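Below are the structure tokens for one structure; questions will follow.
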Amino acid sequence: MASSKAFHDYVVGSLQRIGDISTKKMMGEYCIYYKDKLIGDICDNTLLLKPTEAVLRLMPDAERTYPYEGSKTRMVAVDDVENIELMESVLNAMYEELPEPKKKAKKNKTNDGKDNREQKFLL
């Protein structure tokens, strides 16, 4: 079941009180980012966070569930998105634990604007 836009907006609205929250829509669900790092998903109208050490330490009683059928990683379900003090502690602590985002490689362009990969086949 896809998450509703209303639930998405509720989660984002609550968490934006903490800081820079953004999402990307993926197959009816949403990937959620804090600053520039992927922190979890919004799936089936549930906020799911990556199970980092900080999340597990600060939310020890939270339910753990799979975000989708076939997933290999159980994530931490957040029951109280409006608990801003807890969410701020969790997001800031997990942000420090998560790796830096990978930089995307730039495509090499020739002077005429064509992608160099095309030229390899023309030789």
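Every value quoted in this text rests on a predicted model; they were computed, and no experiment measured them. For the single chain, residues carry numbers from 1 onward in sequence order.
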Look up atom CE in M87 and atom CG in L58, then write down how far apart they are to the nearest 0.5 Å.
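Answer rounded to 0.5 Å: 10.0 Å.
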Once you round to the nearest 0.5 Å, how far does OG1 of T73 lie from CG of L48?
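These two atoms lie 11.5 Å from each other.
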Shortest non-hydrogen contact from G40 toward M75
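Answer, listing the atom of G40 first, then M75: CA-CE, 3.7 Å.
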Are M26 and V12 linked, directly or through intermediate hydrophobic residues, by side-chain heavy-atom contacts shorter than 4.5 Å (ILVMFWY only)?
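Not linked; separate clusters.
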Flag, side chain of T46 to backbone of I42, donor-acceptor distance under 3.5 Å:
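Checking the backbone N and O of I42 against the side chain of T46, no donor-acceptor pair under 3.5 Å is found.
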So which heavy atom on M94 is nearest to which on I39, and how close?
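Minimum heavy-atom contact is CE-O, 3.4 Å.
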In plain terms, say whether E100 and K37 are close enough for a salt bridge, that is, a side-chain N and a carboxylate O under 4.0 Å apart.
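Looking at E100 and K37, the cut-off is met.
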Which is it for S4 and N45 under the side-chain contact (heavy atoms from CB on, under 4.5 Å) test, yes or no, and what are the steps along the way?
CA-CA 7 Å; S4 71; N45 286 338; 3.5 Å; yes
R74 backbone acceptor or donor facing R64 side chain under 3.5 Å
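Looks like yes, one N/O pair under 3.5 Å.
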Within this structure, what is the CD1-CD distance for the pair I84 and E82, rounded to the nearest 0.5 Å?
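I84 atom CD1 to E82 atom CD measures 7.5 Å (nearest 0.5 Å).
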Is there a chain of hydrophobic side chains (I, L, V, M, F, W, Y, each step under 4.5 Å between heavy atoms) that links L86 to V11?
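Yes; V11 is reachable from L86 via cluster members.
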If we ignore hydrogens and angles and just use 3.5 Å, is the side chain of D41 paired with the main-chain N or O of P67 as donor and acceptor?
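Side chain of D41 to backbone of P67: no pair is present.
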How many angstroms lie between atom OH of Y33 and atom CG of L98, to the nearest 0.5 angstrom?
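Taking OH in Y33 and CG in L98, the distance rounds to 12.0 Å.
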Distance-only polar pair, side chains of S3 and E29, donor-acceptor under 3.5 Å:
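Short answer, yes.
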Donor + acceptor pair across side chains of N92, Y34 (<3.5 Å):
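Judged by distance alone, the side chains do pair up.
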Mind checking whether I21 and L91 have side chains closer than 4.5 Å, heavy atoms only?
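With C-beta onward as the side chain, the pair touches.
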If I compare all heavy atoms of V81 with all of S14, which pair ends up nearest, and what's the gap?
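Looks like CG1-CB, 3.6 Å.
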So, do V55 and K50 sit near enough that their side-chain heavy atoms are less than 4.5 Å apart?
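The answer is no, as the side chains (C-beta and beyond) never meet within the 4.5 Å cut-off.
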Rounded to the nearest 0.5 Å, how far apart are CE of M59 and OG1 of T52?
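Reported to 0.5 Å precision, the distance equals 10.5 Å.
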Tell me whether the NZ or CZ atom of K35 lies within the 45° cone about the ring axis of Y95 and under 6.0 Å from its centre.
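Checked: cation-pi criterion met.
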Give the cluster check for I18 versus I32: same hydrophobic cluster or not, with ILVMFWY residues linked at side-chain heavy-atom distances below 4.5 Å.
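Linked, I18 and I32 end up in one cluster.
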On a heavy-atom basis, which atom in E53 and which in E97 lie closest, and how many Å separate them?
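Looking at all heavy atoms of both residues, the shortest contact is N-OE1, 3.2 Å.
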Mind listing the closest non-hydrogen atom pair of A54 and A93 along with its distance?
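What the structure gives for the nearest pair is CB-CB, 3.5 Å.
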Linked, directly or transitively: Y66 and Y30 (ILVMFWY side chains, under 4.5 Å)
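No; Y30 is not reachable from Y66 via cluster members.
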